[in-house]
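Predicted, not measured: the structure shown is a model, and the values here were computed from it. In the text below, chain A, chain B and the rest are named by the order of the sequence lines, each starting its count at 1.
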Protein chains: 2
Amino acid sequence: MKALSRKEEIISTASHLFKEKGYNAVTMRDIAEAMGMKAASLYNHISSKQEILATLILEVANEFTRGMNAVISDVSSPLEKIQTIIEMHIDITVNYSEGLAALNNDWMHLENDHLKAFVKMRTDYEENFRTIIKQGIDSGEIHARHPEVILFSILSTLRTLYVWYQKRGKLDVNVLKKDMVAVFLNGIVNKH
Amino acid sequence: MKALSRKEEIISTASHLFKEKGYNAVTMRDIAEAMGMKAASLYNHISSKQEILATLILEVANEFTRGMNAVISDVSSPLEKIQTIIEMHIDITVNYSEGLAALNNDWMHLENDHLKAFVKMRTDYEENFRTIIKQGIDSGEIHARHPEVILFSILSTLRTLYVWYQKRGKLDVNVLKKDMVAVFLNGIVNKH
DNA sequence: TGACAAAACTAACGTTTGTTAGCTAGAATT
DNA sequence: AATTCTAGCTAACAAACGTTAGTTTTGTCA
């Protein structure tokens, strides 16, 4: 448990507020109050409200990109890759819950280069995921259904997981991974 | 195609803007400009910005409540009920895409009684869904996995569908229903 | 055509917003 | 001991916000 710099504390505090009310509904005065200081004092540590948002979102986005790069350069079957991606998402959800909320809800409030960088990372990520699914369909491992439906069923569940993970009294991470993988790979129907 | 009242036009216009940028980032002047008028003129038709949000969200929430009530009073198996719910969500997504965006992203900006009413409807809805899943597990139709994981996997996919439905060039609704039901009921693994 | 209502307008209001400027007390460094 | 750095403060800014008041234009129907 290493000590947070004042800047990191501010970003962390802001992220909790963003998660509850969204970027635009949280004021610098709200953040300052939660830190026990005045709004103007925040600017000794950060340069703008936008910087807080960008730091938060791009950190998580980089985490996803790193994870996906590891998966695609791995020698394993498409199904194994999908399983690894699901597990990676769950790990990131647990560790970066607030950043993930900002990424999901407030990415469109990023400006200029930050916005461009984010959109590119997200597009690349989805494209990589889509390719894996298609490979699985081609090899016969995955049912020949519309790949977009598979991609988005999995992705939207994983992306929204943060909303719900803390609400329900801390489901064990390993149970969560196991059941989530099972739901998507094998469905919910009990066949026998 | 019945003619929209001026009030309905405003709410519809606002809903498109809310979907892109979120409730707080859209100003009354933005809405007015999109309507080709001045902000003050909006108040000849609506009483407040909050009224727009509440109308939008509660209309969709009522639609879901109506649908769920129809499902639970139906004589059919849990699996059939889940299938019906998935199809209902897809229909609502197609018909109320913008309202659904507001419901998902901006419900927390509802005030007082509107907020209370919404939260109650959502809680009831989830509780009904959970009960159906549990019945399916008890009867053996559904795999005995953690019901929350099943509930959440399905619900979050359905709730996020609006983001993606229009983006990908208008996938046929019936194909979408068929594949989505198949993904959740049978999974993605091909067991030939 | 004149009367009336509907729906637009201009102007302004009181707040709230993100941010800057300048200051001060204490801690760290020289 | 003198200096510089750190991290807070008060005060204020210009812009943007939702909304109100009062006025003018437009359309409808007697």
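No hydrogens or angles were tested; on distance alone, a donor-acceptor pair under 3.5 Å links the side chain of B:Asn44 to the base of C:dA8.
Under the 4.5 Å side-chain criterion, counting only non-hydrogen atoms from C-beta, A:Glu98 is not in contact with A:Tyr162.
Taking atom NZ of residue A:Lys49 and atom P of nucleotide C:dG18, one finds them 4 Å apart after rounding to whole Å. Residue B:Met37 contributes atom CE, which lies 15 Å from atom C1' of C:dT10 at whole-angstrom precision. Between B:Lys7 atom NZ and C:dA6 atom P there is a gap of 14 Å when expressed in whole angstrom units.
Within a 6.0 Å radius of NZ in B:Lys178, no more than 12 heavy atoms belonging to other residues, nucleotides or ligands are found. When the shell of 6.0 Å around NE2 of B:His109 is examined, it contains more than 12 heavy atoms from other residues, nucleotides or ligands.
Here B:His45 reaches the OP1 or OP2 of C:dA8: one of its side-chain N or O atoms lies under 4.0 Å away.
Taking the six-membered ring where tryptophan is involved, the planes of B:Trp164 and A:Phe152 are essentially parallel, since the angle between them stays under 30° and well short of 60°.
Each of A:His45, A:Lys49, A:Glu51 was checked for a side chain to side chain donor-acceptor pair (under 3.5 Å) with A:Ser47, and the lone residue meeting it is A:Glu51. Checking A:Met68, A:Lys120, A:Arg130 one by one against A:Tyr125, the side-chain contact (heavy atoms from CB on, under 4.5 Å) holds for a single residue, A:Met68.
For the contact set between residues 23-35 of chain B and DNA chain C, defined by any heavy atom under 4.0 Å, the members are B:Arg29.
Taking for each of B:Gly36 and A:Ser48 the nucleotide of DNA chain C with the nearest heavy atom, the 5'-most of the two is the partner of B:Gly36.
Of all nucleotides in DNA chain D, those with any atom nearer than 4.0 Å to a heavy atom of chain B start and finish, going 5' to 3', at D:dC17 to D:dA21.
Between the side chains of B:Gln50 and B:Ser48, no donor-acceptor pair is found at a separation under 3.5 Å. Side-chain atoms of B:Thr157 and A:Thr157 include a donor-acceptor pair closer than 3.5 Å.
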